[in-house]
Each structure stands twice: as structure tokens, then as C-alpha cells.
Amino acid sequence: MTSSQSDQHERAMYELLGRMVSTAAHLELQLQMLATRLVETPYAAHWVNGQNSSMVIKLIGDVAKEHPGVSPEQLTELQVTLTECSRLFSRRHGYVHGAWSVAGAAPEESAAWQTMRFTRGKQRPTFAPLSLDDLADLIRRLDEVMTEVMAWLIGHIKATSGDRLVIVEPEGESDTPNSD
């Protein structure tokens with residue numbers, strides 16, 4: 001791989017990393033929205049918003065098991081989606097929390113990108129290969145599961161609001177003049 005090809009490859013890796021981080025952040029936001037909706041209290045934001053994805057995923061699963069508006073079939077479907085979310089966030093963590101490098105033992109023409117990171121309780125670092133194809137696949141899967149979460153959220157909103165869509169406008173952005 002020439003220096004120019006290496007530079008192009010590096011730019012492509014960082015571009016995909018940015019897209020993956022953005023897509024994962026959108027999924028985390030949707031999961032927080034779903035958790036907040038499932039617990040059905042305006043105080044949910046105090047213990048849902050800002051939590052890490054694994055805690056929000058666990059909360060959704062726990063609440064959905066007890067929620068009267070979630071059928072056994074819906075729960076099974078949701079558990080599959082949540083399991084996939086957890087798996088994808090684990091892949092994301094490898095990219096985001098790993099130190100990126102090019103394997104020193106590889107000849108320049110076959111530069112092998114990898115991450116190195118320490119994980120809790122392990123003495124030695126773990127190494128994982130980095131590839132454009134894997135990053136692109138991760139983005140695609142995050143996007144797919146994001147669609148599943150949003151469909152589940154919309155379905156739950158419709159089911160619990162009598163099939164009427166409730167639109168909440170952000171403060172200060174109403175088209176209605178203020179009567180003050």
C-alpha cells in the first residue's frame with residue numbers, strides 16, 4: 001500500500017468511525033425515549049437520561065416484562081431487539097475505546113489496522129482487527145436496529161394513547177401566540 005493509499009484508507013476509517021459514533025448516539029437517544037415512555041412518569045428523565053446504554057437496555061427489558069401494555073409476543077420481539085442492541089454497542093465500544101494503530105509486524109504494503117484496549121479484570125490488553133467492511137457493517141446494523149426501536153416506540157405510543165398521535169412541541173417553538 002503506497003503512502004497515498006494509506007492516507008486514503010486512514011481518512012475512510014475515520015469517516016466511517018464518525019458515522020458509526022453518530023448512528024450509535026441516535027440509537028442511544030431512541031432507547032432513552034423508549035425507556036422514558038415505558039415507565040410512564042414525567043420523572044423518568046431523572047434516572048433514564050444520561051445513563052449508559054447497557055443500563056437503559058436493562059431498564060427497558062425489566063419494565064417491559066411488567067408493563068400491562070406489552071404482550072408476550074411484543075416482549076419476545078423487544079428482547080431480540082435489545083439483545084442485538086447490546087451486541088452492537090459492544091462492537092462500538094471496541095472501536096471507540098480502543099487505541100487505533102497499524103500492526104507493527106505487518107509489511108507496509110499490507111498494513112493491518114487494529115485496536116488495543118485493556119478491559120476490567122484482565123492483565124493483558126486485547127487486540128482486535130479494524131476494517132472498513134466491519135465498520136460499514138456496524139453502521140448498517142445500528143441503523144437497522146434503530147429502525148426497529150423507533151417502530152416499537154411508535155407502536156407503543158399508538159397503543160397507549162388510543163391510536164392518536166400526541167405531538168409535543170419544544171418550549172418556545174409553538175405556532176400559537178402566547179396569551180401572556
Side-chain angles (χ1 to χ4, degrees), residues 6-41 43-65 67 70 74-103 111-122 125-158 167-168 170:
S6 178
D7 290 346
Q8 288 175 345
H9 186 266
E10 185 173 351
R11 278 193 299 279
M13 291 287 281
Y14 284 114
E15 179 184 325
L16 287 175
L17 177 67
R19 287 179 54 204
M20 184 270 296
V21 167
S22 177
T23 305
H26 281 93
L27 176 57
E28 284 178 313
L29 178 67
Q30 287 180 353
L31 288 167
Q32 289 174 1
M33 290 167 48
L34 177 56
T36 300
R37 182 66 190 202
L38 279 171
V39 296
E40 299 178 337
T41 174
Y43 306 109
H46 294 284
W47 74 84
V48 173
N49 296 349
Q51 288 293 339
N52 66 48
S53 59
S54 61
M55 292 199 58
V56 173
I57 289 167
K58 181 179 180 336
L59 175 67
I60 292 168
D62 290 347
V63 171
K65 286 178 193 171
H67 197 290
V70 178
Q74 289 171 320
L75 179 60
T76 300
E77 174 187 308
L78 181 61
Q79 288 171 330
V80 168
T81 299
L82 295 176
T83 298
E84 181 66 0
C85 286
S86 294
R87 193 181 70 74
L88 294 171
F89 281 123
S90 283
R91 284 177 64 192
R92 172 208 166 268
H93 292 332
Y95 282 103
V96 173
H97 299 290
W100 288 32
S101 65
V102 176
W113 281 77
Q114 63 183 0
T115 62
M116 179 190 88
R117 70 183 195 146
F118 289 99
T119 53
R120 189 172 291 127
K122 294 187 178 178
T126 56
F127 293 88
L130 291 173
S131 77
L132 293 172
D133 291 340
D134 185 62
L135 260 174
D137 177 66
L138 179 53
I139 293 165
R140 182 185 58 76
R141 286 297 305 134
L142 284 165
D143 190 55
E144 289 171 359
V145 80
M146 193 167 46
T147 300
E148 293 170 21
V149 169
M150 186 53 74
W152 211 94
L153 176 60
I154 291 169
H156 183 73
I157 289 171
K158 284 183 170 185
I167 299 173
V168 179

* Asked: Side-chain contact, heavy-atom cut-off 4.5 Å: Arg37 with Ile157?
  -> yes

* Asked: By side-chain hydrogen bond (donor to acceptor under 3.5 Å, both in side chains), which residues pair with Asp133, not counting sequence neighbours?
  -> none

* To do: Search all heavy atoms of Met20 against all heavy atoms of Arg92 and return the closest pair with its distance.
  => SD-CG, 3.5 Å

* **From Met146 atom CE to Leu153 atom CG, the distance as rounded to the nearest 0.5 Å** => 13.0 Å

* Structure fact -> Closest heavy-atom pair, Leu142 versus Thr23, reported as atoms and distance to 0.1 Å, is CB-CG2, 3.6 Å

* **pair Asp134-Tyr95: side-chain heavy atoms closer than 4.5 Å** => yes

* Between Gly98 and Thr115, what is the shortest heavy-atom contact and its length? -> CA-CB, 4.0 Å

* **Minimum-distance pair of heavy atoms, taken over all atoms of Pro125 and Met116** => CB-CG, 3.6 Å

* To do: Search all heavy atoms of Ser53 against all heavy atoms of Glu28 and return the closest pair with its distance.
  => CB-OE2, 3.7 Å

* Closest heavy-atom pair and its distance - Leu38, His67 -> O-CD2, 3.2 Å

* To do: Report yes if some heavy atom in the side chain of Glu77 is under 4.5 Å from a heavy atom in the side chain of Glu148; otherwise report no.
  => no

* Go through Leu88 and Arg91 one step at a time and tell me if the side chain to side chain contact (heavy atoms under 4.5 Å, CB included) criterion holds. => CA-CA 5 Å; Leu88 294 171; Arg91 284 177 64 192; 4.0 Å; yes

* Interatomic distance, His9 atom NE2 to Leu130 atom CG [nearest 0.5 angstrom] -> 8.5 Å

* Asked: SG/Cys85 to CD1/Ile60 distance, rounded to the nearest 0.5 angstrom?
  -> 7.5 Å

* In Å, rounded to the nearest 0.5 Å, how long is the span from CD of Gln30 to CE of Met150? -> 3.5 Å

* Roughly how far apart are His156 NE2 and Glu40 CD, rounded to 0.5 Å? -> 5.5 Å

* Using the side chain to side chain contact (heavy atoms under 4.5 Å, CB included) rule, take Glu84 and Arg141 through it: C-alpha gap first, then chi angles, then the decisive distance, then the call. => CA-CA 9 Å; Glu84 181 66 0; Arg141 286 297 305 134; 2.8 Å; yes

* Are any of the side-chain heavy atoms of Trp152 and Leu82 separated by less than 4.5 Å? -> no

* Hey, what do you get for CG (Leu31) to OG1 (Thr36), rounding to the nearest 0.5 Å? -> 10.5 Å

* Asked: Would you say Leu27 and Phe89 make side-chain contact, with heavy atoms under 4.5 Å?
  -> yes

* Could you list the residues that satisfy side chain to side chain contact (heavy atoms under 4.5 Å, CB included) with Arg140, not counting sequence neighbours? => Asp137, Glu144

Identify all side-chain donor-acceptor contacts of residues 11-19 below 3.5 Å with residues at least two apart in sequence or on another chain.
none

